[in-house]
Amino acid sequence: MSGTDDRYNVKETESKWQSVWAERNCFHVQNDGQNPKFYVLEMFPYPSGRIHMGHVRNYALGDVLARYKRARGFDVLYPMGWDAFGLPAENAAIERGVHPAKWTYENIAAMRAQLKPMGLSYDWEREIATCDPDYYRHEQKMFLDFLKAGLAYRKESWVNWDPVENTVLANEQVIDGRGWRSGAPVERRLLSQWFLKITEFAEDLLNGLKTLERWPDRVRLMQENWIGRSEGLRLFFDLDGMTDSRIEVYTTRPDTLYGASFVAIAANHPLAIKLAETNPELASFIAECNRLGTSEAVLETAEKKGFATGLTALNPIVEGQKLPVYVANFVLMDYGTGAVFGCPAHDQRDLDFARKYGLSVTPVVAPPGVAASDVIIGDEAFTEPGVLINSGPFDGLSVADAKAQMIDIAEERGIGQRSVNYRLRDWGVSRQRYWGCSIPIIYCPDCGAVPVPETDLPVRLPEDVTFDKPGNPLARHPTWKHVSCPHCGKPAERETDTFDTFFESSWYFARYCSPKDQSQGIDPKAAARWLPVDQYIGGIEHAILHLLYARFFTRALKRCGYLDIDEPFTGLLTQGMVCHETYKSEDGHWLFPEEVEKTDGGRVIVSASGQPALVGRSEKMSKSKRNVVDPDAIIRTYGADTARLFMLSDSPPERDLEWTAAGIEGAFRFVNRLWRMVMFPAAPLAPKESVIPALSGEALALRRQIHKTIVAVSEDLERFHYNRAVARIRELANAVADLPPETEGAGWVLREGLETLVQLAG
RNA sequence: GCGGACGUGGCGAAACCGGUAGACGCAGCAGACUUAAAAUCUGUUUUUCGUAAGAAAGUGCGGGUUCGAGUCCCGCCGUCCGCACCA
């Protein structure tokens, strides 16, 4: 061995093969292939400007699967693109005066340049960017089709409004009742917004979860809870002395009707608003409720408060029972009917409320085996199932039976009906933003909301916009929004809101099937060939929003004739985060990993000053805590194979991965070791086409292990036990290295062993 | 509060159906090569006792089922995650 040749030259080798792959267009896949198909997809990135380790892990997982499936004879669709609309581009425009489009496309170029040396086997010919009019024009058409199909509508709704920024904020952008950037108290405002009717598919989305056998249970459960199906009764309460109005209540506990002690309605319930017209005190109570945000912190500390309206409701089941009617801050207008009856003995919230306002507490369910006279309600409501008491003819029934009978009776008497309720609400897609897809609607004073004619699509974003003032640049653009009505030709105005950016990510997987198709966006033949996605890989943080929206969108597109599938992703892998220790200097500043070093004594010091550094717990890599490692630097030093091997070696994919410098060194050593084994074999290799010699002893044992390893690694890969697959490959490498060179047949087995190793490792 | 996941050496982990606990790797220790270092190779490494052969204990804690439990059941403790005034 000479000093220069005994070490693997990462740069030369990797760039050589990468350019060979590029020249031969190795990973391009045609839509009309003859082999069985397999579609591998990673959640596409937002072009923030730099690749981070989370991306590297995500794409390493996908790439291994794509290569494995190709090796098993599948035509593999494995594309990459950019989720390119979004707020950071506008922030860059505000802060640095760069146009969002320029900023975004420059970031895409930078990230693509970082991705290429990773040697991922993408079909780059299918690359898309969602901010491209050739992408979003189809999305505008889809919206118009949804509108025709009754799946999109416009309505007034309460939103989080930031009075300083003049825009709607998402719930996630409201922190402790204040706007995350402006710090101004968020107001609740009634605004006209476009909605997609996701609730139409609530039942179907719920049932569909059962078919997603290759999804993590955790994600299915989260979606199930999010959809939040409940069964109960809608029931009318007449008001004493009023014939023109009554209150409709939704309850899942009709069995507790005999224990009712009040009725409460939401602050923005129509009846409350009507009463407030003549009652200034109530009006100010309602205003107070509306001022309260909907953030967790506010809700947790908010006291249960009610305002007695003076009205009396009549219990429709219990004759003669009269109940005071309150407007209460804990009743939500968006859920059920915006009105509840309170049964303090069996609902904690109702009990708190009843104690505060001195209302009666009558237990109507006894725990099994407890006599009616022994049931005492203190500070805790009894919410478990039991046997009915104090409920007239229903005494002695089980909770389940009483529910059923109560519902039957209400239906017979025509005062209520069985009802299924969902927590899921329709998806508000309007955003008062510039850098998004325009909602293709024109408002005419005479004709109302008129769809933009399909021949006028796409509605392009104007480029000459300013970001010097708060608010939506589209709304204040001098000419863009002024158009004539497509119906009557009179002066009209464009919708200046854009779509929520989850809109783009709800169908991009279908666009990859025919990324250049101009006429329809999704070519039915291509979609039939590739969809659904066989394996989707991404972070758990999208367990609900993106994955639920995409499942809904797929159903909506099916109804409008675009697609012929129900579920977009049959397999889902949610990968864990990439974590790293955190470091702080003694004066409390976060330090980058390269700013500290470990001493021989095992202490950690700040390299520049020699002062001790404080080591914090390992957390998800984030810029704010500076516990980040730049993938570029790693790939430059160790190469893509090393980075990817390390990503797969230690932790199972679903679990968090602790990034360590020692770990990457270990992976690098193995890559080098393999290279040496191939370049300088221990025994002369048998010629390629030679006949299998008769084997015995250690050579035979090794041959057995080689084939066992092939089987085991395949199984491990099928089950995403990538860390185990790596361990087995390393075991085989050890075994190959241990084979005595003088063994009979060594040359032959060695060749087979090495070929296998190279194939499996590749 | 509700729902869920997890808990195994100094560290990341493995153990598929209940059958040799700790594969594979990291770190450590000892050695070989070297003037030396790096790299590489060899050995060793759960803990306690023992010079050793060996013995005992051991998968968060306490019980149980079983010939046999990291794995199954019951009850705790801890960590993490999701949802949360949902009637």
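Lettering follows sequence order; numbering is per chain, from 1.
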Separation between the P atoms of B/G25 and B/G4, rounded to whole Å
39 Å
Given B/G82, B/C85, B/C26, identify the nucleotide with an atom nearest to the side chain of A/Lys304.
B/C85
Just to be sure I understand: a Watson-Crick pair is purine N1 to pyrimidine N3 plus N6-O4 or O6-N4, both under 3.5 Å. Using that and G-U wobbles, which stems of three or more pairs involve RNA chain B?
B:1-7 with B:77-83, B:10-12 with B:24-26, B:28-32 with B:40-44, B:46-49 with B:54-57, B:60-64 with B:72-76
Kindly indicate, with the supporting measurements, whether the criterion side chain to side chain contact (heavy atoms under 4.5 Å, CB included) is fulfilled by A/Asn627 and A/Ser622.
CA-CA 6 Å; A/Asn627 58 339; A/Ser622 79; 4.1 Å; yes
For A/Arg669 and B/G25, is the shortest distance between a side-chain N/O and OP1 or OP2 below 4.0 Å?
no
Value in whole Å for how far the P atom of B/G12 lies from CD of A/Glu665
20 Å
May I ask you to verify if any side-chain N or O of A/Tyr335 is less than 4.0 angstrom from the OP1 or OP2 atom of B/A87?
yes
Point-to-point distance, once rounded to the nearest 0.5 Å, from OH of A/Tyr536 to CH2 of A/Trp215
9.0 Å
Between A/Glu654 (CD) and B/C80 (P), how many Å, whole number?
20 Å
Please list every donor-acceptor pair under 3.5 Å in which a side-chain atom of residues 659-670 of chain A meets a protein atom from a residue at least two apart or in another chain.
from	atom 1	to	atom 2	distance (Å)
A/Thr660	OG1	A/Gly663	N	3.0
A/Glu665	OE2	A/Tyr638	OH	2.8

Listed partners of A/Thr637 passing side-chain contact (heavy atoms from CB on, under 4.5 Å), at least two apart
none
Residues passing the side-chain contact (heavy atoms from CB on, under 4.5 Å) test with A/Arg355, sequence neighbours excluded, are A/Leu351, A/Val361, A/Ile377
Give the intermediate values and the outcome of side chain to side chain contact (heavy atoms under 4.5 Å, CB included) for residues A/Ser230 and A/Tyr335.
CA-CA 11 Å; A/Ser230 72; A/Tyr335 186 79; 3.2 Å; yes
With a 4.0 Å cutoff (strictly under), does any side-chain N or O of A/Arg673 reach OP1 or OP2 of B/C41?
yes
Can you measure A/Arg218 atom CZ to B/C83 atom P for me and round it to whole angstrom units?
11 Å
Proximity to the side chain of A/Arg719 - top-ranked nucleotide from B/C16, B/U40, B/C83:
B/C16
Residue set satisfying ring-ring contact (aromatic ring centres under 6.0 Å, His included) with A/Phe394, at least two apart, ordered chain then number -> A/Tyr258
Gap between atoms NE2 and C1', on A/His546 and B/G82 respectively (whole Å):
18 Å
Please tabulate, one pair per line, each protein N/O and nucleotide N/O from nucleotides 31-34 of chain B that are separated by under 3.5 Å, including the distance.
none

Which whole number of Å gives the distance between the C1' atom of B/C41 and that of B/A56?
36 Å
Sticking with atom C1', work out how far B/U79 lies from B/U8, rounded to a whole angstrom.
15 Å
I'd like the C1' distance from B/A84 over to B/G9, given in whole Å.
40 Å
Rounded distance (nearest 0.5 Å) linking atom CG of A/Asn390 with atom OG1 of A/Thr362:
7.0 Å
Minimum-distance nucleotide (side-chain atoms of A/Met222 versus B/G3, B/G82, B/A14):
B/G82
So which protein N/O to nucleotides 18-24 of chain B N/O distances come out below 3.5 Å?
from	atom 1	to	atom 2	distance (Å)
B/A23	O2'	A/Glu731	OE2	3.2

Suppose we screen for ring-ring contact (aromatic ring centres under 6.0 Å, His included). Which residues come up paired with A/Phe353, at least two apart in sequence or across chains?
A/Phe262, A/Tyr326, A/Phe330, A/Tyr357
I want to verify a distance call: between B/A87, B/C85, B/C83, whose nearest atom is closest to the A/Arg423 side chain?
B/C83
Which part of the nucleic acid does A/Arg425 contact within heavy-atom distance under 4.0 Å: base, sugar-phosphate only, or nothing?
base
Nearest to side-chain heavy atoms of A/Trp226, which nucleotide of B/A27, B/C83, B/U40:
B/C83
If you measure from the P atom in B/A37 to the same atom in B/G22, how many Å do you get, rounded?
35 Å
Evaluate A/Thr709 against A/Val713 for side chain to side chain contact (heavy atoms under 4.5 Å, CB included), listing each step before the verdict.
CA-CA 6 Å; A/Thr709 303; A/Val713 167; 3.8 Å; yes
How far does the C1' atom of B/C33 sit from the matching atom of B/G19, given to the nearest Å?
45 Å
Contacts of A/Lys210 that satisfy side-chain contact (heavy atoms from CB on, under 4.5 Å) - sequence neighbours left out:
A/Asn207
Picking from B/A87, B/C85, B/G12, which would you name as closest to the side chain of A/Ser651?
B/G12
Syn or anti for B/G9, with syn set at within 90° of 0?
syn
So what does A/Val331 hit on the nucleic acid, given a heavy-atom distance under 4.0 Å: a base, only sugar-phosphate, or nothing?
base
Pairs meeting criterion salt bridge (charged side-chain N to carboxylate O under 4.0 Å, His left out) with involvement of residues 338-348 of chain A, two or more places apart
A/Asp347-A/Arg349
Are OP1 or OP2 of B/G12 and a side-chain N or O of A/Arg655 less than 4.0 angstrom apart?
no
How close or far is atom P of B/A87 from atom CD1 of A/Ile247, stated in whole angstroms?
19 Å
So side chain to side chain donor-acceptor pair (under 3.5 Å) across residues 571-581 of chain A, not counting sequence neighbours, yields A/Asn58-A/Gln575, A/Glu581-A/Tyr583
Is A/Leu332 touching bases, backbone alone, or none of the nucleic acid, heavy atoms closer than 4.0 Å?
base
Going by an N to O cut-off under 4.0 Å, is there a salt bridge joining A/Glu288 and A/Lys305?
yes
Measure from CZ on A/Phe668 to P on B/A38 and round the result to the nearest Å.
17 Å
Expressed as a whole number of Å, how far does the P atom of B/C61 sit from that of B/C81?
24 Å
For atom CD of A/Glu224 and atom C1' of B/C2, their distance in whole Å
14 Å
Please figure out whether A/Leu657 or A/Asp738 has its closest RNA chain B nucleotide nearer the 5' end.
A/Leu657
Considering residues at least two apart in sequence or located in another chain, which fulfil the side-chain contact (heavy atoms from CB on, under 4.5 Å) criterion with A/Phe236?
A/Arg246, A/Glu248
Atom pair distance, as rounded to whole Å: CZ in A/Phe646 and P in B/A13
11 Å
Base, sugar-phosphate or nothing for A/Ser649? Non-hydrogen atoms, less than 4.0 Å.
nothing
Hey, is B/C17 sitting syn or anti, using the within-90° cutoff around 0?
syn
Which sits closer to the 5' end of RNA chain B, A/Ser230 or A/Ala667, going by the nucleotide each is nearest to?
A/Ala667
